[in-house]
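Only one structure is covered here, and it is reproduced in the block below.
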Amino acid sequence: MRRPVPIEALIMDLIKDKNDLWFSDLMQALRAWYPDVTEKEVLRALMRLELSRLIIVQKIVKKDNVTYHIRVVKE
């Protein structure tokens with residue numbers, strides 16, 4: 001879906017402000033901008049940013065719960 005401000009730009013702004021973020025906090029912040037944003041759309045944007053070597057996404061598994069920790073790549 002086309003958005004006035006791309007999801008990738010919002011993610012980078014949010015992560016640069018805090019240096020790292022949990023996926024649930026990221027989703028909450030993005031839903032403040034775009035209430036209809038989907039988890040699939042955000043995961044795809046995270047993948048593009050990670051492949052561009054701008055962020056690091058770490059998968060955290062605790063029992064049956066899976067979440068992601070996102071941080072900026074140190075230069």
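Remember, predicted model here, so these are calculated numbers, not experimental data.
Nearest heavy atom pair, residue Glu41 against residue Ile7, reads OE2-CG1, 4.0 Å. Nearest heavy atoms, Val73 versus Arg53: CG2-O, 3.6 Å. Here the closest heavy-atom approach between residue Ile15 and residue Arg71 is recorded as CG2-C, 4.1 Å.
Both Val57 and Leu49 sit in one connected hydrophobic cluster of ILVMFWY residues. Membership requires side-chain heavy atoms under 4.5 Å apart, directly or through other members. The cluster map of Ile, Leu, Val, Met, Phe, Trp and Tyr, joined by side-chain heavy atoms under 4.5 Å apart, puts Met27 and Ile55 in the same cluster. Hydrophobic clustering, with ILVMFWY side chains joined whenever heavy atoms are under 4.5 angstrom apart, keeps Ile56 apart from Leu26.
In this structure, the side chains of Leu30 and Ile11 come closer than 4.5 Å at one or more pairs of heavy atoms. By the 4.5 Å heavy-atom criterion applied to side chains, Phe23 and Glu39 are counted as neighbours.
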Leu21 and Leu14: side chain to side chain contact (heavy atoms under 4.5 Å, CB included), yes or no, with the steps?
CA-CA 8 Å; Leu21 251 152; Leu14 291 168; 3.9 Å; yes
Go through the steps to decide whether Ile70 and Asp20 satisfy the test side chain to side chain contact (heavy atoms under 4.5 Å, CB included), and finish with yes or no.
CA-CA 5 Å; Ile70 304 125; Asp20 67 334; over 6 Å; no
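In this structure, the separation between CG on Leu46 and CG on Leu54 is 11.5 Å, given to the nearest 0.5 Å. The distance from atom CG of Asp25 to atom NZ of Lys18, rounded to the nearest 0.5 Å, is 6.5 Å.
Of the possible polar contacts, none joining the Glu8 side chain to the Ala45 backbone as a donor-acceptor pair under 3.5 Å is found.
Applying the side chain to side chain contact (heavy atoms under 4.5 Å, CB included) test to Trp33 and every residue at least two apart in sequence or in another chain returns Val5, Leu10.
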